[in-house]
Protein chains: 2
Amino acid sequence: MSDLLERLRGRGWRLTAQRRVVAEVLDGDHVHYTADEVHALASDRLPEISRATVYNTLGELVSLGEVIEVSTDGRAKRYDPNAHHDHQHLVCSQCGTIRDVHVQGDPLSALPEPERYGFQVSEVTVTYRGICPHCNSTS
Amino acid sequence: MSDLLERLRGRGWRLTAQRRVVAEVLDGDHVHYTADEVHALASDRLPEISRATVYNTLGELVSLGEVIEVSTDGRAKRYDPNAHHDHQHLVCSQCGTIRDVHVQGDPLSALPEPERYGFQVSEVTVTYRGICPHCNSTS
DNA sequence: TTCTTGACTTAGACATTGTCCAATGTAGGA
DNA sequence: TCCTACATTGGACAATGTCTAAGTCAAGAA
């Protein structure tokens with residue numbers, strides 16, 4: 001975590017209280033907050049932080065490759081700090097919970113050359129959907 | 001296409017001019033319009049059709065499994081009438097163009113049991129991203 | 001054919017999520 | 001300590017989607 005702040009400073013980031021708080025909120029495993037959730041959590045520690053700053057900071061973290069933007073439904077994007085370990089997502093169709101998962105093999109290789117239509121394919125995201133144990137037991 | 005209208009009528013759909021026009025707009029291969037695009041195209045044929053009706057009709061077509069909802073970016077959802085042939089999507093990261101593609105093997109089987117965390121996994125979407133030939137040549 | 005009725009459509013208000021801008025504040029180097 | 005370029009703020013605005021009350025109409029009944 002302090003690693004992250006150090007890396008960012010190394011890249012010329014000016015280290016402000018707001019940015020520090022946003023980075024702290026995103027620290028942890030299986031974190032997939034929306035921008036509004038990040039803003040709410042950040043406000044707990046720094047009440048005067050503005051929405052615009054949260055959006056700006058999240059955008060920068062994404063540009064720098066420190067955080068991944070995930071949009072599983074058509075709703076608000078979510079931000080995933082687990083950017084340095086290749087992974088995919090498993091989403092509960094009912095409650096929306098997200099888990100990071102790891103697949104066998106490289107999904108990129110499943111797309112044959114003739115199915116690439118001349119694209120320079122560089123990235124693939126796989127999203128699994130189903131019912132989580134909790135929703136399954138309470139329905 | 002008239003197949004579609006017949007199927008829908010069979011399911012108790014009341015056949016209105018508005019629904020017919022929306023269904024016609026969605027007819028074809030490699031169609032991935034946003035709701036607003038559908039509305040614009042439908043308005044060409046039926047100027048007084050309202051946005052709400054387009055949203056309603058698209059929602060119904062999705063519920064009935066006749067159309068698939070695709071959200072490749074965090075922007076507007078797109079509607080894909082190619083619902084009866086299993087396929088995935090290839091998206092140009094620059095211009096947003098979408099192509100239907102077919103992968104080798106079943107992506108569902110790439111997720112091992114211990115990586116399912118008790119979920120009843122039922123669905124998987126794979127989205128490939130890259131630069132399309134057109135954007136590649138003009139950049 | 002005409003009538004009837006419940007489903008459908010409409011316009012516009014409203015909600016959610018995200019972006020932009022001008023004014024103000026401040027981190028960090030000189 | 002002072003400067004200044006960069007960061008933050010609040011609020012207006014934009015894009016997309018949802019909801020509601022009132023009016024309209026498709027299709028079965030008579």
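Residue numbers start from 1 in every chain, and the chains themselves are labelled A, B, ... in the order their sequence lines are given, proteins ahead of strands. FYI, side chains are in, hydrogens and waters are out, and symmetry mates aren't considered; it's all heavy atoms of this structure.
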- prompt: Which parts of residues 74-82 of chain B get close to DNA chain C, meaning a heavy atom less than 4.0 angstrom away?
  reply: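 Contacts with DNA chain C under 4.0 Å: none.
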
Rounded to whole Å, please give me the gap between [atom1] in [X] and [atom2] in [N].
X       : N      : atom1 : atom2 : answer
A/Arg19 : D/dT8  : CZ    : C1'   : 10 Å
B/Leu5  : D/dA27 : CG    : C1'   : 16 Å
B/Leu8  : C/dA7  : CG    : C1'   : 16 Å
B/Arg11 : C/dA7  : CZ    : P     : 18 Å
B/Trp13 : C/dC8  : CH2   : C1'   : 11 Å
A/His39 : C/dT16 : NE2   : C1'   : 15 Å
A/Glu37 : C/dG18 : CD    : C1'   : 15 Å
B/Asp73 : C/dG18 : CG    : P     : 12 Å

statement: Note: B/Pro112 and B/Arg116 closest approach over all heavy atoms is O-CG, 3.3 Å

- prompt: Any side-chain donor-acceptor pair under 3.5 Å between A/Asp100 and A/His85?
  reply: no

- prompt: Judged by atom type as modelled, is there a donor-acceptor pair below 3.5 Å linking the side chain of B/Gln88 to the main-chain atoms of B/Val126?
  reply: yes

- prompt: Is the number of heavy atoms from other residues, nucleotides or ligands under 6.0 Å of B/Asp86 CG greater than 12?
  reply: no

task: Summarise how protein sits on nucleotides 9-14 of chain D as a single string, 5' to 3': B when a protein heavy atom is under 4.0 Å from the base, S for sugar-phosphate-only contact, - for no contact.
output: BB----

task: Give a yes or no on whether a donor-acceptor pair under 3.5 Å exists between the nucleobase atoms of C/dC8, that is its base, and the side chain of B/Arg14.
output: no

Whichever of B/Leu15 and B/Thr34 has its nearest DNA chain D nucleotide further upstream toward 5':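 Whichever sits nearer the 5' end wins; that is B/Thr34.
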
query: Between A/Arg99 and A/His32, is any pair of side-chain heavy atoms under 4.5 Å apart?
result: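 Counting from C-beta outward, A/Arg99 and A/His32 never come under 4.5 Å.
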
message: Just N and O in the side chain of A/Tyr55: are any of them under 4.0 Å from OP1 or OP2 of C/dT19?
response: no

message: Please report the interatomic distance CG(B/Leu26) to CG(B/Asn82), rounded to the nearest 0.5 Å.
response: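 Here the interatomic distance stands at 12.0 Å.
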
field: Separation between CD1 of A/Ile49 and OG1 of A/Thr57, rounded to the nearest 0.5 Å
entry: 6.5 Å

task: Test side chain to side chain contact (heavy atoms under 4.5 Å, CB included) on A/Asp80 and A/Ile98 and set out the steps.
output: CA-CA 10 Å; A/Asp80 181 346; A/Ile98 302 180; over 6 Å; no

message: Which residue is it: A/Glu60, A/Glu6, A/Glu66? I am looking for the one with a salt bridge (Lys or Arg N to Asp or Glu O under 4.0 Å) to A/Arg11.
response: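 The salt bridge (Lys or Arg N to Asp or Glu O under 4.0 Å) with A/Arg11 is passed solely by A/Glu66 among A/Glu60, A/Glu6, A/Glu66.
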
